[in-house]
2 protein chains.
Amino acid sequence: MLDAVSRVRRFNRAVTSAVGTLDNSFLGRSRPLGAARVLNAIGHGRSDVAEIRDYLGLDSGLMSRLLRSLEDEGLIETTAREDDARRRMAKLTRAGRREFAAYEALSNAQAEGFLAQHSQREALLAAMDLIASALTRERVALDEMDPRCEEARYCLGEYYAELGRRFKHGFDVSLSRDPDAKDMRRPRGTFLVAMSDTLPIGCVGLKGTDHGYAEIKRLWVAPAARGLRLGRRLMDAAESAARELGITLLRLDTNSALPEAGQLYRSTGWREIPRFNDDPYPDLFFEKRL
Amino acid sequence: MLDAVSRVRRFNRAVTSAVGTLDNSFLGRSRPLGAARVLNAIGHGRSDVAEIRDYLGLDSGLMSRLLRSLEDEGLIETTAREDDARRRMAKLTRAGRREFAAYEALSNAQAEGFLAQHSQREALLAAMDLIASALTRERVALDEMDPRCEEARYCLGEYYAELGRRFKHGFDVSLSRDPDAKDMRRPRGTFLVAMSDTLPIGCVGLKGTDHGYAEIKRLWVAPAARGLRLGRRLMDAAESAARELGITLLRLDTNSALPEAGQLYRSTGWREIPRFNDDPYPDLFFEKRL
DNA sequence: CGAAATATCTGACTAACGTCAGACATCATG
DNA sequence: CATGATGTCTGACGTTAGTCAGATATTTCG
């Protein structure tokens with residue numbers, strides 16, 4: 001009754017029935033679920049028909065019919081793509097945007113209703129994040145982003161907050177060598193954000209220098225995504241980017257208060273070297289030749 | 001992107017697609033999902049046709065057809081109930097039990113596969129428990145059980161473990177006054193277990209004494225179920241049971257290291273009284289007249 | 001250019017699910 | 001024992017989802 005498998009199955013049962021009622025709430029707008037899903041995919045910014053079909057796992061015949069029915073309702077317009085007239089793009093009309101907004105309102109109300117029922121809000125949300133990350137693990141995309149964009153800033157904020165919690169005397173960004181954003185943009189470096197669906201769950205920066213090496217900075221994985229080997233994926237991606245940029249030597253600094261990081265570096269070909277900067281926070285320094 | 005509602009919706013998306021693949025795994029046995037669900041409901045011990053229909057939310061016409069198709073396959077037998085020949089009972093045949101076992105194996109394999117993919121096993125399971133409890137909150141049943149049964153022993157084990165964690169010097173059952181099981185059985189008392197689906201998530205004991213009062217003992221709510229007001233429900237049920245048994249005075253002891261318990265008692269009509277026993281662990285004593 | 005590949009669309013078909021009305025047997029009640 | 005209520009079953013029907021083969025238009029590439 002209480003073994004791990006039973007607990008997973010209990011979760012599955014609970015969630016299956018919840019998903020059922022969620023789907024039903026979408027039926028209130030007198031439109032079959034398939035058409036509603038296509039409308040919502042378009043509303044969420046997917047416009048390429050083939051991409052939507054792929055995302056929703058639909059047969060091309062079915063997809064075509066669903067698009068037609070939405071078009072007949074006056075909710076979407078489709079046009080041939082300029083660069084390839086075989087492909088089609090779909091976008092919402094004014095009425096389509098209204099209808100999409102109604103679905104969004106339903107989804108939001110459903111989510112708010114769920115949250116309102118429960119007093120352990122934060123614990124519940126953390127649990128949901130963890131499970132969503134675990135379920136979508138294979139679909140985590142590592143996107144190259146500007147280190148100043150919203151997603152990157154969110155990651156960095158969480159990263160600093162965590163250092164503040166884990167370092168004995170806290171962490172103050174202004175005392176550390178905050179890398180210049182342009183050093184983490186091509187062609188000097190790059191900044192990678194791990195996106196699970198629309199939620200940033202990790203990041204890493206590759207910072208170019210003028211000293212014959214580049215540095216790995218700001219490696220962070222959200223608590224909800226730990227244990228999925230995301231740190232390793234981020235590091236691999238950063239190293240690949242470095243190779244692309246013609247970088248042959250990487251360095252990084254870290255702190256012994258972050259043992260899992262040190263372990264990751266040691267197990268992936270980094271070797272410890274003497275201090276190479278005067279940043280007050282790090283006490284461990286690594287190097288890796290590509 | 002990061003507000004509570006978005007996080008809930010991200011979870012919904014992740015889980016919806018996971019549930020979809022789960023359902024598909026059931027299609028491998030060349031039987032429509034509806035029939036498979038009925039077969040599984042019967043396999044899990046539901047035999048009353050009306051009850052199954054209600055549980056699965058099926059129309060009586062559809063239900064009848066699904067039963068017929070399972071019967072044609074030789075997987076189930078239906079008989080009229082002895083006490084009411086209009087109602088029917090369904091049970092598995094030998095072949096039905098084999099087929100049910102195959103579905104169980106599929107479910108277990110799916111759950112094991114999920115767990116095997118992730119290294120944060122315990123965190124993941126705890127998150128699943130929390131969410132499952134939250135989703136099934138309305139369906140939590142308070143069942144009167146023998147304090148020696150498996151479910152009760154599980155709850156008590158968890159309860160002692162938690163006291164061990166929360167008391168400064170740990171907790172040793174043998175030093176405490178472990179109530180006699182028969183004092184927590186009718187007619188002297190009772191023992192209630194809160195069951196969410198098949199998982200015990202809370203308990204409370206009503207222990208009869210020969211001193212003109214009964215005691216509330218072993219009030220426990222699983223961490224995964226806190227914030228759902230289950231403690232209050234358990235206490236209410238225990239008080240109702242006490243009234244039924246003709247008990248007019250209740251007492252309990254607790255410890256200030258469990259502040260949420262003290263708060264619950266104070267807010268539900270209990271008043272603090274002087275120590276009334278020599279148990280080494282409690283430092284707070286309450287009484288309530290019914 | 002011509003052939004092959006690609007993306008979409010259309011028609012024909014099927015499976016699954018679900019609904020509704022009415023038939024039938026059985027039970028509860030006055 | 002007649003009446004209405006209840007639980008199940010059957011037939012007729014509609015919707016949704018999905019599959020498959022082939023038509024059409026466009027692009028790619030030798």
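The shown structure was predicted, so the numbers you read here are calculated from the model rather than taken from an experiment. So that the names make sense, note that chain A is the first sequence line, chain B the second, and so on, each numbered from 1.
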Chemist: Could you pick out which residue, A/G61 or A/D83, lies toward the 5' side of DNA chain D when each is mapped onto its nearest nucleotide?
Modeler: A/G61
Chemist: From CD of B/E82 over to P of C/dC27, roughly how many Å is that when rounded to an integer?
Modeler: 12 Å
Chemist: Check the distance between C/dT8's P and A/L58's CG and give it to me in whole angstrom.
Modeler: 12 Å
Chemist: Should A/R68 be listed as having a side-chain N or O under 4.0 Å from OP1 or OP2 of C/dC9?
Modeler: yes
Chemist: Using a cut-off of strictly less than 4.0 Å, decide whether B/R87 has a side-chain nitrogen or oxygen near OP1 or OP2 of D/dG7.
Modeler: yes
Chemist: Nearest whole Å is fine: how far is C/dT10 C1' from A/L67 CG?
Modeler: 14 Å
Chemist: Among the candidates D/dA17, C/dC17, D/dT8, find the nucleotide nearest to the side-chain atoms of B/R53.
Modeler: D/dT8
Chemist: Can you tell me if A/R10 and B/S133 form a side-chain donor-acceptor pair at under 3.5 Å?
Modeler: yes
Chemist: To the nearest Å, how far apart are B/L56 CG and C/dC17 P?
Modeler: 12 Å
Chemist: Considering only side-chain heavy atoms of A/R65, which listed nucleotide, D/dG7, C/dA7, D/dT19, is closest?
Modeler: D/dT19
Chemist: Which of parallel (below 30°), tilted (30 to 60°) and perpendicular (above 60°) describes A/F26 and A/Y103?
Modeler: tilted
Chemist: Does NZ or CZ of A/R185 fall inside the cone over A/F191's six-membered ring, less than 6.0 Å from its centre and within 45° of the axis?
Modeler: no
Chemist: Just how far, in rounded Å, is P of D/dT16 from CG of A/L66?
Modeler: 11 Å
Chemist: Which one, D/dT26, C/dT26, D/dT16, comes nearest to the side chain of B/D84?
Modeler: C/dT26
Chemist: Is the phosphate of C/dC9, meaning OP1 or OP2, less than 4.0 Å from a side-chain N or O of A/R88?
Modeler: yes
Chemist: Give a yes or no answer on whether the side chain of A/D54 reaches the backbone of A/A50 with a donor-acceptor pair at less than 3.5 Å.
Modeler: no
Chemist: Between A/D72 (CG) and C/dT10 (P), how many Å, whole number?
Modeler: 10 Å
Chemist: Taking atom P of C/dT8 as reference, at what distance in whole Å does atom CD1 of A/I52 sit?
Modeler: 10 Å
Chemist: Looking at B/R86 and D/dT6, is any side-chain donor or acceptor paired with a base atom of the opposite kind under 3.5 Å?
Modeler: yes
Chemist: Under a plain distance cut-off of 3.5 Å, with no hydrogens placed, do A/T136 and A/S196 share a side-chain donor-acceptor pair?
Modeler: yes
Chemist: Nearest nucleotide by nearest heavy atom, which residue falls closer to the 5' end of DNA chain D, A/A85 or B/L62?
Modeler: B/L62
Chemist: So which nucleotide from D/dC20, D/dT16, C/dA7 ends up closest to the side chain of A/D59?
Modeler: D/dC20
Chemist: Grab the CZ-C1' distance between B/R37 and C/dG18 for me, whole Å please.
Modeler: 13 Å
Chemist: Counting heavy atoms from C-beta on, name the nucleotide in C/dG18, C/dA16, D/dT8 closest to the side chain of B/S60.
Modeler: D/dT8
